[in-house]
Amino acid sequence: MNFSKEIIQWYFQNKRDLPWRKTKDPYRIWLSEIMLQQTRVAQGLPYYEKFTEAFPTVYDLANAEESQVLKLWQGLGYYSRARNLHYTAKDIVENYNGQFPSTYKALLKLKGVGDYTASAIASICFDEVAPVVDGNVYRVLSRYFDIDTPINSTEGIKKFKELAFEVVDHDDPANFNQAIMEFGAVQCKPQNPYCIICPLHESCEGLKNQRVDMLPVKLKKTKVKKRWFNYLVVVSNASETLLEKRKGKGIWQGLYQFPLLETETSIETIADYQSEIEEIIKIKDFSVTKFNEKEMIHKLSHQHLYTTFWIVETTDSLKNGISLQEIRTYPVPILIGNFIEEFNF
DNA sequence: AACTCGGGGGA
DNA sequence: TCCCCAGAGTT
């Protein structure tokens, strides 16, 4: 049996029971693929359940408010996925008569749908011979064929895509694509793969050459930047606080947070920033106390956020204040969400 | 071609 | 700690 037939057979015997494997509805396949980008199945699964319940069809998603979509997405990360998801739902309703396009080429035009996702939808929903290349596929192919071209180099991306075209099963691209990904996730996993019991271990070049644990090769990533976030948690007599919406290009675009005073380094004494705080929260009469004695270090892929929450008590009334009752209805970064749970106002 | 965008989990 | 996860968009 050849590589692709062997992979498919393994899949039929070992595949996990997952909700998006019970449908070919392009809307639901699209939803699952967007959610699972750079995200483990275990982490994405509850979000898929929440979304399909809240938005059974693309029309329901298109009719939602963006903040509602972001709220349901809260905690899953890479929030541009949620914004693009909502944008594309409206696009599908307005410009595609509610029907997803049915080819790789046409799917690529959708915002948030790249090479991988277009191939996944085209193959799974429409049986197009469009090979997927995700992190799992890079790993399986680099090991089986013992290829050390860096998977995140221009040459590597091209080479592995071509290789995927050579091995994809033309009779059943839908199951082959899901099979090779599942195989990479469950059997040919990053650490301690099950080579001894692997159905492909006799023909695996990487195993033969004892290079499995060195593959795939990946170019080094850039190092992380440090930032210092001081959140101003206003608490007024009227049981209100302030939230602001993050705008611009950086992290957490569209999510809400307490008014932020970002500094170049740790704050020694908060009194040094009296005028800055006045300017940010538009209040003159307040007293500030530190909530967390040690800075919390919130770690993102490219940034470490040294965070302090400052409790700002005031008797003044707030402009654009938010009642503490409704604070949990706003989409917030997990860093803010954790604080809200702990502080409990 | 390099950077940016989250959060969680495993070793 | 470091790496990885059903990647895509921007610079």
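Proteins get letters first, then strands, A, B, ... in listed order; numbering begins at 1 in each.
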Interatomic distance, [X] [atom1] vs [N] [atom2] [rounded to whole Å]:
{"X": "A:H298", "N": "B:dC5", "atom1": "NE2", "atom2": "P", "result": "12 Å"}
{"X": "A:D213", "N": "B:dA11", "atom1": "CG", "atom2": "P", "result": "15 Å"}
{"X": "A:N84", "N": "B:dT4", "atom1": "CG", "atom2": "C1'", "result": "14 Å"}
{"X": "A:I334", "N": "B:dG9", "atom1": "CD1", "atom2": "P", "result": "11 Å"}
{"X": "A:L335", "N": "B:dG7", "atom1": "CG", "atom2": "P", "result": "8 Å"}
{"X": "A:H304", "N": "B:dC5", "atom1": "NE2", "atom2": "C1'", "result": "14 Å"}
{"X": "A:F160", "N": "C:dG7", "atom1": "CZ", "atom2": "P", "result": "15 Å"}
{"X": "A:Y78", "N": "C:dG7", "atom1": "OH", "atom2": "P", "result": "10 Å"}

Need one value for [X]: base, sugar-phosphate or nothing, where a base atom within 4.0 Å counts as base even if backbone is also close, heavy atoms only.
{"X": "A:S80", "result": "nothing"}
{"X": "A:I34", "result": "nothing"}
{"X": "A:V41", "result": "sugar-phosphate"}
{"X": "A:N177", "result": "nothing"}
{"X": "A:G184", "result": "nothing"}
{"X": "A:R21", "result": "base"}

Ignoring hydrogens and angles, answer whether the base of [N] and the side-chain atoms of [X] contain a donor-acceptor pair closer than 3.5 Å.
{"X": "A:Y116", "N": "C:dG7", "value": "no"}
{"X": "A:R81", "N": "B:dC5", "value": "no"}
{"X": "A:T117", "N": "C:dG7", "value": "no"}

Taken in chain and number order and not counting sequence neighbours, the residues that satisfy side chain to side chain donor-acceptor pair (under 3.5 Å) with A:T263 are A:N230

When the [atom1] atoms of [N] and [M] are considered, how many whole Å apart are they?
{"N": "B:dC3", "M": "C:dA6", "atom1": "C1'", "answer": "23 Å"}
{"N": "C:dG9", "M": "B:dG8", "atom1": "C1'", "answer": "23 Å"}
{"N": "B:dG6", "M": "C:dT11", "atom1": "P", "answer": "15 Å"}

Is a salt bridge present between [X] and [Y], judged by a nitrogen-to-oxygen distance below 4.0 Å?
{"X": "A:K15", "Y": "A:E182", "answer": "no"}
{"X": "A:K247", "Y": "A:E244", "answer": "no"}
{"X": "A:E66", "Y": "A:R83", "answer": "no"}
{"X": "A:K161", "Y": "A:D115", "answer": "yes"}

Decide whether a cation-pi geometry holds between A:K290 and A:F309; the criteria are a distance under 6.0 Å from NZ or CZ to the six-membered ring centre and an angle within 45° of the ring axis.
no

Both A:S153 and A:K299 contact DNA chain B. Which one's nearest nucleotide lies toward the 5' end?
A:S153

Map A:N152 and A:R40 onto DNA chain B by nearest heavy atom, then report which one ends up closer to the 5' terminus.
A:N152

Ring centroids only, cut at 6.0 angstrom: are A:Y47 and A:W73 within range, meaning strictly under it?
no

For A:E33 and A:G112, take the nucleotide of DNA chain C holding the closest heavy atom to each; which residue's nucleotide lies nearer the 5' end?
A:E33

So if I take every side-chain heavy atom of A:L300 and compare against C:dC4, B:dG6, B:dC5, which nucleotide ends up nearest?
B:dG6

With respect to the side chain of A:Q43, which nucleotide from C:dA6, B:dT4, B:dG7 is positioned closest?
B:dG7

How about CD on A:E326, more than 12 heavy atoms from neighbouring residues, nucleotides or ligands closer than 6.0 Å, or not?
yes

Return yes when atom CD of A:Q13 has more than 12 non-hydrogen atoms of other residues, nucleotides or ligands closer than 6.0 Å, and no otherwise.
yes

Stems where DNA chain B pairs, listed by first number, each of three or more Watson-Crick or G-U pairs under 3.5 Å
B:1-5 with C:7-11, B:7-11 with C:1-5

